[in-house]
Amino acid sequence: MKIILSIVLIVASHTAVSAQLCPTEDTVLPDVYIQNADNLEVRAGITISAEIVANMVANNCFGSQTDIDSFTKKLLEKLQNATNSNDKGNVLELKKNVDDMLVDLIAYAEQQAKMTASVETAQVWAEFIHRLNTLLLTRDVSQADFTIGIGQRDDLTTKLISSYSGLSVVTRHCPESNLNPWQGDACVQAVKETIGLFRGLVLASKVIHAANLDTLNLHLVTIENRLKGYKDYYQKAEPLWPWESLFNTNVVTAKDKIQQGNLVGFREPVEYQWLVLHPSTALQYVSDQETDFKPALIVDVLGYNKLKWENNGSDVTSYGASAIVALSEFDGKTNIGWGMRFFYNRTYSFGITKNSDQVGLFISVGALEKFNNWNVDEDKFLKFHDEISTQF
Amino acid sequence: MKHKIALVHGMGQHKENWSNAIQTQIKQQYAELQSVFTKDFDELFEFVEIRYDNVFDEQRARWKSQADDVLENLKIGGISSGGLEQIVKATQSLGEDNFFTTHILDVVLYKWYPLIAEEVRLNVAKSFLDIAKTTTDWSIIVHSLGTAVVHDTLQAMFTQSVEEELLPRVYRPSNIWMIANVSRVVSENQVYRSLVKPTLNIAYGLCEEYFNAQHEFDPIPMVKPFQSDKADAVIWKEEAGGLYLHLPIKGKNTTQINVHAFDHYLAIPSLFVPMMRSFAGRNSIDKTNLANFIAQYESTTVEGQAQSLKLKLEQINPKDMSSIEEFLKALREYYEFLTTIAAD
C-alpha cells in the first residue's frame, strides 16, 4: 500500500497543477499569496496588495468562467446565448441579447459606483456608464475600448480614463505588511472596489466583442467567398505560366487603393488575363494527312481571357481568344501553322490553324474528353473540318 | 475564453502540424519558469497554428502539372520545340523540393506574384478572424517571412470595407511578437506608415504591444532591418506610444548554427522571459526557476564557436541594405553556409 502511495506522489509531483490563485469569496485571499509572499515581485511604488490584485487579473480571475461572482455567471450565460444567436445567423436576436447585457452592465456599474469610496474609481465608473449608454444608443464602438492594462493585463490601468491606476488606488488604502496584505476595512473596501471595476471592464470587453460579431461575420464570409473564388479561378481561368503571372502583375494590382504607401483592404478579383507565349497541347487534325488526331504544341502568342465573377466573388466564368502558333509532327516533318484559339472555362478550347494550303482544327484534351462523354460523332467533326477548310 | 496565441511560420516547408514542436517548446519552457503565482499554460492559453505555405506548394504543384502535361504530349507527338521546351522543363523543376523552391521561391512568390500573395493573406485573415470570433484576447508570434505576411494581412483586414463597414478594432490582436522581422524588405506596404503599430488608443493602431526580436548573427533580417534610425522609423516609434519593445539578441545567445531558426530564437531567455511576462504577467516567473533556466541555457550555448560563427556569417553581410535582391542573395549565401557546416 505504501509503495502504491509513493508512486502516486511521484507522478503528482511531475504534473504541474496551478495553485488556487483566484478568491473563492470576494474578500478571502487565497493561501498561496500569504505562503509565498516573499517570492512575489512587487513593483516599485505599490504595495503587495496591489500586486496581488494585478496578479489575479493576469490570471483571469474576474469576469471569466472561474469567477465566483453571481452577476458574472448570469452575464456569461447571456453572452453564450448571444454567441449562439450569432452562430445561427440571427442578427436581431444577437442585438437584442447585446442590448440586454448592456442594460445589465449599466445597472451593475451604477450599483458599484454607489458603493465605491474612491473618487478615482467613481470617475471611471461614470465614464464606463457614459460609454455603455452611448453604445446602446449609437452602436458606435470606435471609442469602446474597455481593455485593461497598457499591453500587459497586470498593469491595471484602464483606457477609459488614462490617469486612473487600480494599482495606486489599492496601494493607497492597503498596508505594506507582507503578513496579511488585505488588512483593515479600508483596504478590503479598496480591493473589492478595484476587483469590481476590473470585473466590469472584462465583462464590457466581452459584450462589445459580441456586439459586433455580425460585422465580423460579414468580413469572414467575404474572405471565405474570395477563397472559394480562388479555387474556382484555378479550375476555370487559363493556367498562367510563371512569366505570364509576372506579365499580369499590373492586371492584378490595377484596382489597388493605396494610402500613404499602404494597400487599403484586400485586392479586388482580377477581371481578365493576358496570355503571353503560353504553351499548351491539343489534339490537332490537319487535312491531307493520313492520320487521326495528333498532339500539337499550341503557343498563344498573345491572348486575352475575360473573367466574370458571380456569387460575391466565389464563382468565375472565363472566356477568351488568342493568336496562336501550332507545331506538330507529320511524316517526320515539323508543321508550323498560325491561327486562332477560343477558350471557355479552361476545359473547352478550340482552334483553327493554317499552314500554307492546309487547315488544321484542334481541340483541347479536356474538351475532347467532354465530347466523348457526350457521344459526339467523330465523322461529323471531320465533315465540319472539310467544310471549314473550303472557306479558309 | 482563453487567450489564443496564433503561431505563424516563416519561409520554408511547413506541413500541417508544423507548430507542434514550437508549441511543446513554449509550454515546456513556460513550465520550467512558472511561479506559484500563475496558472498552468493550458488554463490560460491556447495555441492556434496558422499555415500559408500550402498556397506556395499548391502553386508549385500546378506549374509542375502544367509542365508535365505539355512535355508528355510533346513526347507523344514527337514534337521538338527547342528553347520553349527548356523553359517548360524549368517550370517543371519548380515542383521539386530544394532550397530554392521551398525557401527563396516563397519570398519571390510573395513579393512579385500579387495574386499569390493575396491568396496567402486571405488564408491568414480567415484564420485570424476565426480566432477573433471566439475570444476577446489573442496575440501573434510570427517568424521571418511570416512577419511581412502578418503585417500585410492585418493592414488589409482592418482597412477592408464590407458593405461600407470596417472590421471593428475590438477584434485586433493584443500583442504581436515579430521574430527576425523582414517586413520592411518583403512587404509591399510602407510598414512604418501602416496601421500595424502598437497604440494606447484603439483608433490609431492594430495592437497594444509590438515586440521586435533580432539576433546579432542572423543575416536574414539584416537587410532593411525593422529597427533603424530613419526619420519614418522615429515617427513610427513616437506614434507607437511607448508600447514598442526592440529586443536585440546578443551573439553569445547562440545554441545552434542555424541562428535564424524559429526554435532557436524562442529558446533565448532574453526573448522568452519578456514574452512570457507579456502574456502571463510579471509574477508568472519564479526567481529561482529563472536562474536555473538561464544557467541551463548558457550551458548549451556555443560560446567558443560564437566568434568564429560571427566571422563567417559576417561574410554574408549584405552590401546594399535596402534591396530585396540583396536580401535574396543573403538568403542563398546563408543556406550555402549552413550546407557547408553540415558537410563539415
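Note on naming: letters A, B, ... go to the chains in the order of the sequence lines (proteins, then strands), and numbering restarts at 1 for each one.
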Participant: Is chain B contacted by the side chain of A:F266, its backbone, both, or neither, given a heavy-atom distance below 4.5 Å?
Facilitator: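 Both parts, heavy atoms under 4.5 Å.
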
Participant: Taking the side chain as every heavy atom from C-beta outward, state whether A:I52 and B:F37 have any atom pair closer than 4.5 Å.
Facilitator: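 Of all side-chain heavy-atom pairs linking B:F37 with A:I52, none is under 4.5 Å.
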
Participant: What is the distance from atom CG of B:L166 to atom OG1 of A:T215, rounded to the nearest 0.5 Å?
Facilitator: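 B:L166 CG to A:T215 OG1: 10.0 Å, rounded to 0.5 Å.
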
Participant: Heavy-atom pairs under 4.5 Å with chain B - which of A:S205, A:S328, A:P279, A:P269 has more of them than the others?
Facilitator: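 It is A:P279.
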
Participant: Look up atom CG in B:L195 and atom CD in A:Q259, then write down how far apart they are to the nearest 0.5 Å.
Facilitator: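 Interatomic distance, B:L195 CG to A:Q259 CD, rounded to 0.5 Å: 9.0 Å.
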
Participant: Tell me, side chain or backbone of B:Y113 under 4.5 Å from chain A's heavy atoms, or both, or neither?
Facilitator: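 Only the side chain of B:Y113 comes within 4.5 Å of chain A.
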
Participant: Between B:E119 and A:K231, does any side-chain N to carboxylate O distance fall below 4.0 Å?
Facilitator: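 Salt bridge absent between B:E119 and A:K231.
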
Participant: Side chains of B:R121 and A:L263: does their closest heavy-atom pair fall under 4.5 Å?
Facilitator: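 A side-chain contact under 4.5 Å exists here.
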
Participant: In terms of heavy-atom pairs under 4.5 Å with chain B, which of A:K257, A:K206, A:Q35 leads?
Facilitator: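 Answer, by heavy-atom pair count under 4.5 Å with chain B: A:K206.
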
Participant: Measure A:V57 against the heavy atoms of chain B and call it side chain, backbone, both or neither at under 4.5 Å.
Facilitator: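 Neither part; nothing is under 4.5 Å.
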
Participant: If I measure from the heavy atoms of chain A, does B:T135 come under 4.5 Å with its side chain, its backbone, both, or neither?
Facilitator: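 The backbone, not the side chain.
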
Participant: Between B:E118, B:H3, B:R193, which shows the greatest number of heavy-atom pairs under 4.5 Å with chain A?
Facilitator: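 Most pairs with chain A among the choices: B:E118.
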
Participant: Please identify, among A:P242, A:S280, A:A54, A:S64, the residue contributing the most non-hydrogen atom pairs under 4.5 Å to chain B.
Facilitator: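 Sorted descending by pairs with chain B, the first entry is A:P242.
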
Participant: Are more than 12 heavy atoms from other residues, nucleotides or ligands located less than 6.0 Å from atom CD of B:E163?
Facilitator: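 Counting other residues, nucleotides and ligands, CD of B:E163 stays at 12 neighbours or fewer.
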
Participant: So, for B:I76 and A:P295, which heavy atoms are closest and what is the spacing to 0.1 Å?
Facilitator: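 Between these two residues, the closest heavy atoms are CG2-CG, 3.8 Å.
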
Participant: Shorter than 4.5 Å, heavy atoms on both sides: which option in B:T153, B:D137, B:L109, B:I116 has the most such pairs with chain A?
Facilitator: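 The residue among B:T153, B:D137, B:L109, B:I116 with the greatest pair count is B:D137.
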
Participant: Check whether any side-chain N or O of B:T159 sits under 3.5 Å from a backbone N or O of A:V264 as a donor-acceptor pair, and report yes or no.
Facilitator: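 Between the backbone of A:V264 and the side chain of B:T159 there is no qualifying donor-acceptor contact (under 3.5 Å).
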
Participant: With only heavy atoms counted, which part of A:L79 is less than 4.5 Å from chain B, the side chain, the backbone, both or neither?
Facilitator: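 Side chain only.
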
Participant: Heavy-atom pairs under 4.5 Å with chain A - which of B:Q66, B:E72, B:K287 has more of them than the others?
Facilitator: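 Counting heavy-atom pairs under 4.5 Å, the top option is B:Q66.
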
Participant: Sort B:L167 into side chain, backbone, both or neither according to what part of it lies under 4.5 angstrom from a heavy atom of chain A.
Facilitator: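 Both the backbone and the side chain of B:L167 come within 4.5 Å of chain A.
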
Participant: Under 4.5 Å heavy-atom distance to chain A, tell me which part of B:T91 shows up: side chain, backbone, both or neither.
Facilitator: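 Just its side chain gets close to chain A.
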
Participant: Measure distances from A:N86 to the heavy atoms of chain B and classify the residue's part below 4.5 Å as side chain, backbone, both or neither.
Facilitator: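 Interface part for A:N86: side chain.
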
Participant: Measuring heavy-atom distances to chain B, does A:T66 have an atom under 4.5 Å in its side chain, in its backbone, in both, or in neither?
Facilitator: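 Side chain only.
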
Participant: Tell me the closest heavy-atom pair linking A:H219 and B:E165, and the distance in Å.
Facilitator: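 It is NE2-O, 2.9 Å.
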
Participant: Taking side chain as everything from C-beta outward and backbone as N, CA, C, O, which of these in B:K133 sits under 4.5 Å from a heavy atom of chain A? Side chain, backbone, both or neither.
Facilitator: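 Both backbone and side chain of B:K133 come within 4.5 Å of chain A.
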
Participant: Please state whether the side chain, the backbone, both or neither of A:T334 comes within less than 4.5 Å of a heavy atom of chain B.
Facilitator: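 Neither the backbone nor the side chain of A:T334 comes within 4.5 Å of chain B.
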
Participant: For residues B:T134 and A:T83, determine if any side-chain heavy atom of one lies less than 4.5 Å from a side-chain heavy atom of the other.
Facilitator: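 No, their side chains stay 4.5 Å or more apart.
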
Participant: In Å and rounded to the nearest 0.5 Å, what is the CG to NZ distance from A:N60 to B:K2?
Facilitator: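 Taking CG in A:N60 and NZ in B:K2, the distance rounds to 10.5 Å.
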
Participant: Roughly how far, to the nearest 0.5 Å, is CD of B:E188 from CG of A:N262?
Facilitator: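 Interatomic distance, A:N262 CG to B:E188 CD, rounded to 0.5 Å: 10.5 Å.
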
Participant: Tell me, out of B:D130, B:N73, B:T136, B:L122, who's got the most heavy-atom pairs with chain A below 4.5 Å.
Facilitator: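 Looking at each option in turn, the highest pair count goes to B:L122.
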
Participant: When the ring centroid of B:Y171 is compared with that of A:H209, is the distance short of 6.0 Å?
Facilitator: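 When the ring centroids of B:Y171 and A:H209 are compared, they turn out to be within the sub-6.0 Å range.
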
Participant: Check A:W243 against B:I87 and note the closest heavy-atom contact, atom names and distance.
Facilitator: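 Between these two residues, the closest heavy atoms are CZ3-CG2, 3.1 Å.
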
Participant: Report which part of B:L94 has an atom under 4.5 Å of a heavy atom belonging to chain A: side chain, backbone, both, or neither.
Facilitator: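 Looking at B:L94, just its side chain touches chain A.
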
Participant: For B:K39 and A:C22, which heavy atoms make the closest approach, and how far apart are they?
Facilitator: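 That would be NZ-SG, 3.7 Å.
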
Participant: Tell me, out of B:L129, B:V70, B:L115, B:L74, who's got the most heavy-atom pairs with chain A below 4.5 Å.
Facilitator: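 Among the listed options, the one with the most contacts to chain A is B:L115.
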
Participant: Just so I understand: if I count every heavy-atom pair under 4.5 Å between each of A:N36, A:T222, A:V32 and chain B, which residue has the most?
Facilitator: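 Heavy-atom pairs under 4.5 Å are most numerous for A:N36.
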
Participant: What heavy-atom pair brings B:V36 and A:L21 nearest, and what distance separates the two atoms?
Facilitator: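 Heavy-atom minimum between the residues: O-CD2, 3.1 Å.
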
Participant: Measure distances from B:A67 to the heavy atoms of chain A and classify the residue's part below 4.5 Å as side chain, backbone, both or neither.
Facilitator: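 Interface part for B:A67: both.
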
Participant: Heavy-atom distance under 4.5 Å to chain B: side chain of A:V270, backbone, both or neither?
Facilitator: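 Answer is side chain: those atoms of A:V270 sit under 4.5 Å from chain B.
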
Participant: With side chain to side chain contact (heavy atoms under 4.5 Å, CB included) as the criterion, how do B:K126 and A:E224 come out once you've worked through the C-alpha distance, each side chain's angles and the decisive distance to 0.1 Å?
Facilitator: CA-CA 7 Å; B:K126 181 184 164 5; A:E224 284 169 346; 3.3 Å; yes

Participant: For each of A:I258, A:T249, A:I298, tally heavy-atom pairs with chain B at distances under 4.5 Å, and name the one with the top tally.
Facilitator: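 Sorted descending by pairs with chain B, the first entry is A:T249.
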
Participant: How far does CG of B:N283 sit from CG of A:L40, to the nearest 0.5 angstrom?
Facilitator: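 CG of A:L40 is found 4.0 Å from CG of B:N283.
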
Participant: Run the ring-ring contact (aromatic ring centres under 6.0 Å, His included) test against B:W112 and tell me which residues pass, sequence neighbours left out.
Facilitator: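 For B:W112, no residue satisfies ring-ring contact (aromatic ring centres under 6.0 Å, His included) once neighbours in sequence are set aside.
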
Participant: Checking heavy atoms, do the side chain of A:L240, its backbone, both or neither come under 4.5 Å from chain B?
Facilitator: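 The backbone, not the side chain.
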
Participant: Has B:R62 got its NZ or CZ under 6.0 Å from the middle of the six-membered ring of A:Y234, at an angle within 45 degrees of the ring axis?
Facilitator: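 Yes, a cation-pi geometry.
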
Participant: Indicate yes or no for a side-chain donor-acceptor contact from A:N212 to the backbone of B:V170 under 3.5 Å, with no hydrogens or angles considered.
Facilitator: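 It does not hold such a pair.
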
Participant: Less than 4.5 Å to any heavy atom of chain A: does that hold for the side chain of B:E58, its backbone, both, or neither?
Facilitator: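 Neither the backbone nor the side chain of B:E58 comes within 4.5 Å of chain A.
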
Participant: What's the shortest heavy-atom distance between A:A58 and B:A280, and which atoms?
Facilitator: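 The answer is CB-O, 3.8 Å.
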
Participant: Measure distances from B:R60 to the heavy atoms of chain A and classify the residue's part below 4.5 Å as side chain, backbone, both or neither.
Facilitator: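 It is neither, since no heavy atom gets under 4.5 Å.
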
Participant: Is the side chain of A:N39 donor-acceptor paired with the backbone N or O of B:D286 at a distance under 3.5 Å, no angle test?
Facilitator: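 No; zero donor-acceptor contacts below 3.5 Å.
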
Participant: Going by the rule side chain to side chain contact (heavy atoms under 4.5 Å, CB included), which residues pair with B:V191 if we only count those two or more places apart in sequence or in a different chain?
Facilitator: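 If we apply the side chain to side chain contact (heavy atoms under 4.5 Å, CB included) test to B:V191, skipping adjacent residues, the hits are B:H151, B:S183, B:R184, B:S187, B:F226.
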
Participant: Using non-hydrogen atoms only, which part of A:D87 is less than 4.5 Å away from chain B: side chain, backbone, both, or neither?
Facilitator: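 Side chain only.
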
Participant: Counting heavy-atom pairs under 4.5 Å to chain A, which of B:S80, B:S161, B:A132 comes out on top?
Facilitator: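 The option with the most such pairs is B:A132.
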
